[in-house]
Amino acid sequence: MLLFLSSRLRMVDDSLYILKKMKDQNLNVSTQSYNSVLYHFRETDKMWDVYKEIKDKNEHTYSTVVDGLCRQQKLEDAVLFLRTSEWKDIGPSVVSFNSIMSGYCKLGFVDMAKSFFCTVLKCGLVPSVYSHNILINGLCLVGSIAEALELASDMNKHGVEPDSVTYNILAKGFHLLGMISGAWEVIRDMLDKGLSPDVITYTILLCGQCQLGNIDMGLVLLKDMLSRGFELNSIIPCSVMLSGLCKTGRIDEALSLFNQMKADGLSPDLVAYSIVIHGLCKLGKFDMALWLYDEMCDKRILPNSRTHGALLLGLCQKGMLLEARSLLDSLISSGETLDIVLYNIVIDGYAKSGCIEEALELFKVVIETGITPSVATFNSLIYGYCKTQNIAEARKILDVIKLYGLAPSVVSYTTLMDAYANCGNTKSIDELRREMKAEGIPPTNVTYSVIFKGLCRGWKHENCNHVLRERIFEKCKQGLRDMESEGIPPDQITYNTIIQYLCRVKHLSGAFVFLEIMKSRNLDASSATYNILIDSLCVYGYIRKADSFIYSLQEQNVSLSKFAYTTLIKAHCVKGDPEMAVKLFHQLLHRGFNVSIRDYSAVINRLCRRHLVNESKFFFCLMLSQGISPDLDICEVMIKSDELLSWTIKWGLLPD
DNA sequence: CAGGTCTCAA
């Protein structure tokens, strides 16, 4: 009993001591007991010490050693042991081959696993359901779903049938490829075979839906699962749902699910708490997060590094850097070595606030403590230097990263490129792009967006002519084709940036072409997209077109932001169609936008400049009727206009 | 052999 417990608790020295005592007392240690000890030590280098002690080794002894070697990633040793060991008379078992196949799959060498599968057959052994599942899982992990399906359907040739684990593995495989419909087909096959989906099946499907952004579909799935009576072990699927809700900003629904779990007697564990605390922190609800944190601690659930990371993130996002730092310092003084991620969060907090000195100071602490920085650490420093307009220093960090034995990542390069993009330095962006290619770092859609942004900002108006515009339009189309051929799907921001670029070079028809491409790829144009287009129509004087564009968008029930309206209103004030300005301003109010004094003063300013007396008066009165008092700026504008001076005095608005 | 939480770029 002592031996069993001490080995299970990985108390290495104690186990060996007990074994020695037992031998001293001439007590017989059964092979079964030895095997049990061996099993618990198979992932440590003490494995051989136990192994040597065992007199009557059996099949389990050998397969445990093989499994141990595989788990220690000593696959060659495992194979060697299988071939040359003294157990020739017993012969290797399928279990040992399973361990080896699993080991190779985990390293991504599926072909090696396959050849061992063949070896099993050649040895006259029968591959078990485990053997098949291991290989099917390996194939799925490298994306060979077709081969995985084939192997699953061939299982009956070896006298075995797929079990629910097989189906779960296949469903996960489809999910990894983003082929959620394939996952559903697997489930249908599973049902046809008379097997029921279990909690893991549901969790895999739920994960897939959440990752595709189908949060509502996920909620339906979760409800369905809970209605089938899986309550007792539903904490993990609920956590997946919580994570999905938090990541899409639906924190209120996350909280209500969280409370529902508690009400149903499903006590949230550390992970569930951490997910919700992180979600709250990310969305700036730090007080609520702290409240849950205290509740968690009251339940004797000890926070881990992730929980602390969430709190640090929350403090940094609120700009409470002093508080974040003192929390970090208190974690440091607790004595345990902190995860670099925790330092990264605070370093990034400093960088985001433009406090590069503090970021560097904390970086120094990391180095002096002997903790290895990660690429993210350096990327935040790059951001910090860029934010403080020191691109030269930021660029030097690329070499510093290499000095620390790390490689700059796509984020390192993209951050730098963005800094260059903001000042229109396309030459330096091209340089970095070449450097990335040389280093073999593939770009992402963010990188591409930054490159387009650089082109946009670097545009010089004096070069403007029709031929060049067409060339730029072609360049944008080519850029999009490049992305698609590289398997990098452009997102909303990529399209918005391209549209902005085309607007900047006054190729509005081209910009609208990209709006259509965007829609055809099932990407919803955002209000930012429409803002760019409406603003450009106004800037280039196509105000009627802007009117009809807004009108058509309203017809389609597209939600527009306040900016779209105020832009067009201002344009109408300038170009002298105050009636339209009035009409649109009413729409602004009716649609419930928060209309501020700045919006009134923008309109009144422009109307006064054009001597549109009655309209100025109208907006002034409208403002008063909405309970907004004029400020000094508005009064000055009104007074400066001769026609309005006496009217303004009448309202008693002359300042002292 | 199958399921959940962290930091960095537009």
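The shown structure was predicted, so the numbers you read here are calculated from the model rather than taken from an experiment.
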Just how far, in rounded Å, is P of B:dA2 from CZ of A:F174? 18 Å
Contacting residues from residues 487-498 of chain A, given that a heavy atom lies under 4.0 angstrom of DNA chain B: A:D491, A:I493
Tell me whether the side-chain N/O atoms of A:S102 come closer than 4.0 Å to OP1 or OP2 in B:dC1. yes
To the nearest Å, how far apart are A:R306 CZ and B:dC6 P? 6 Å
May I ask you to check if A:R504 and A:Y501 form a cation-pi contact, with NZ or CZ under 6.0 angstrom from the six-membered ring centre and within 45° of the axis? no
Between B:dA2 (P) and A:Y130 (OH): distance, integer Å: 10 Å
How long is the line joining OH of A:Y383 and C1' of B:dA10, in whole Å? 10 Å
Which residues share a side-chain hydrogen bond (donor to acceptor under 3.5 Å, both in side chains) with A:N344, sequence neighbours left out: A:S374, A:T377
Atom-pair distance (CD1 on A:I382; C1' on B:dC8), nearest Å: 9 Å
A:K387 NZ to B:dA9 C1': how many Å, rounded? 14 Å
Can you say whether a donor on the side chain of A:D269 sits under 3.5 Å from an acceptor on the base of B:dG4, or the other way round? yes
For B:dG4, take OP1 and OP2 only and decide whether either is under 4.0 Å from a side-chain N or O of A:K247. no
How is A:T415 classified with respect to the nucleic acid when contacts are heavy atoms under 4.0 Å: base, sugar-phosphate, or nothing? sugar-phosphate
Quick one: ring-ring contact (aromatic ring centres under 6.0 Å, His included) partners of A:F378, sequence neighbours excluded? A:F363, A:Y404
Nucleotide nearest A:V450 when distance is taken to its side chain, options B:dG3, B:dT7, B:dA10: B:dA10
Backbone N/O of A:T307 and side chain of A:N304: donor-acceptor pair under 3.5 Å: yes
What's the CG-P distance between A:L176 and B:dG3, to the nearest Å? 9 Å
If you look at every strand shown and take non-hydrogen atoms under 4.0 Å, does A:N98 touch a base, only sugar-phosphate, or nothing? nothing
From the list B:dA9, B:dT5, B:dG3, which nucleotide is the closest neighbour of the side chain of A:V199? B:dG3
For A:A272, which contact category applies under a 4.0 Å heavy-atom criterion: base, sugar-phosphate, or nothing? base
Base, sugar-phosphate, or nothing: which does A:T444 touch, judged by heavy atoms less than 4.0 Å apart? base
Below the 4.0 Å mark, does B:dG3 have OP1 or OP2 next to a side-chain nitrogen or oxygen of A:H175? no
Nearest to the A:V341 side chain among B:dT5, B:dA2, B:dT7, which nucleotide is it? B:dT7
Using a heavy-atom cut-off of 4.0 Å across all strands, would you classify A:V271 as base, sugar-phosphate, or nothing? base
Classify A:V240 by what it touches in the nucleic acid, base, sugar-phosphate, or nothing, heavy-atom distance under 4.0 Å. sugar-phosphate
Would you say A:N422's side chain and A:D418's backbone share a donor-acceptor pair under 3.5 angstrom? yes
Please report, rounded to the nearest Å, how far the P atom of B:dA10 is from the OH atom of A:Y448. 19 Å
Select one nucleotide: of B:dG4, B:dC1, B:dC8, the one nearest the side-chain heavy atoms of A:I236. B:dG4
Side-chain donor/acceptor of A:N379 to base of B:dC8, under 3.5 Å: yes
Using the side-chain heavy atoms of A:K106, tell me which of these nucleotides is nearest: B:dT5, B:dC1, B:dC8. B:dC1
Across all chains, not counting sequence neighbours, the ring-ring contact (aromatic ring centres under 6.0 Å, His included) partners of A:Y273 are A:F258
Side-chain donor-acceptor contacts of residues 103-114 of chain A below 3.5 Å, not counting sequence neighbours, with atom names and distances?
residue : atom : partner : partner atom : Å
A:K106  : NZ   : A:S102  : OG           : 3.4
A:K114  : NZ   : A:E147  : OE2          : 2.6

Should the pair A:H158 and A:H132 be assigned to parallel (<30°), tilted (30 to 60°) or perpendicular (>60°) ring geometry? tilted
Quick one: is B:dT7 close enough that its OP1 or OP2 comes under 4.0 Å of any side-chain N or O from A:K352? no
Could I get the full list of salt bridge (charged side-chain N to carboxylate O under 4.0 Å, His left out) partners for A:K352, not counting sequence neighbours? A:D348
Among B:dA10, B:dC8, B:dA2, the one nearest any side-chain atom of A:I200 is B:dA2
